[in-house]
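Written below as structure tokens is the structure these notes are about.
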Amino acid sequence: MRKVIQENTVREASCVEELRAMRDALDILGGKWKLMILRYLTNREAQDIHFKKMQREILGISAKVLTKELRDLEQNLLVSRQSSDEPVRVFYKITSYGKSVVPVTELLVDWGLAYREKIKHAHSASANDMI
């Protein structure tokens, strides 16, 4: 159980409170693309990332979906939108608050890499069993 502070008292969160908090996080970060966009911006923090570059490099995302996801992330203070005048371009950066999601994305990357290895070994073992 996680700890919560309520009226200057630290206590353990109830299961219901934990599930509500998880639902809140999933409402903000859920879907196919939001965590990938945040990870992309984290990995390119020193670069000026404009919309078209992001769309080209995040394979499979459409302009319409990228626009919607960036607006949602900006509304939730995870991404900032900046523009330049000459030439007119819009750039996106992860915010300091957005960086609070980095541990989540790192755990997902680690889990995903381990999952790929596990499945690869499981499939090669089952293929060997068939021989």
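All values reported here derive from a predicted model rather than from experimental measurement. The figures that follow rest on heavy atoms only: side chains count, while hydrogens, waters and symmetry mates do not.
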Note, [X] side chain near [Y] side chain (heavy atom, < 4.5 Å):
X	Y	result
Tyr92	Leu73	no
Asn43	Arg39	yes
Ile37	Ile61	yes
Arg81	Leu70	no
Thr67	Phe51	yes

Donor-acceptor pair, distance only, cut-off 3.5 Å: does the side chain of [X] make one with the backbone of [Y]?
X	Y	value
Lys93	Gln47	yes
Ser83	Arg89	no
Ser84	Pro87	yes

Please determine whether residues [X] and [Y] belong to a single hydrophobic cluster, defined as Ile, Leu, Val, Met, Phe, Trp and Tyr linked transitively by side-chain heavy-atom distances below 4.5 Å.
X	Y	result
Val109	Ile94	no
Leu77	Ile49	yes
Leu38	Val104	yes
Leu35	Met22	no
Val101	Leu108	yes

(request) Mind running side chain to side chain contact (heavy atoms under 4.5 Å, CB included) on Val16 and Arg20 for me, showing each step along the way? (result) CA-CA 6 Å; Val16 169; Arg20 281 184 190 147; 3.6 Å; yes
Rounded to the nearest 0.5 Å, what separation is found between the [atom1] atom of [X] and the [atom2] atom of [Y]?
X	Y	atom1	atom2	value
Lys120	Tyr115	NZ	OH	14.0 Å
Thr105	Asp110	OG1	CG	9.5 Å
Ile5	Arg11	CD1	CZ	11.0 Å

(request) Give the minimum heavy-atom separation between Glu57 and Tyr40, together with the two atoms involved. (result)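 Looks like OE1-OH, 2.6 Å.
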(message) On a heavy-atom basis, which atom in Gln55 and which in Ala63 lie closest, and how many Å separate them?
(response)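 Gln55 and Ala63 have their closest heavy atoms at NE2-N, 3.2 Å.
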(message) So if I apply the side-chain contact (heavy atoms from CB on, under 4.5 Å) rule between Leu66 and each of Met54, Lys52, Arg71, which one comes out positive?
(response)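 Only one option passes, and that is Met54.
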Would you list the atom pairs, donor with acceptor, under 3.5 Å between side chains in residues 24-34 and any protein atom, with sequence neighbours excluded?
from  : atom 1 : to    : atom 2 : distance (Å)
Lys34 : NZ     : Glu69 : OE1    : 3.2
Lys34 : NZ     : Asp72 : OD2    : 3.4

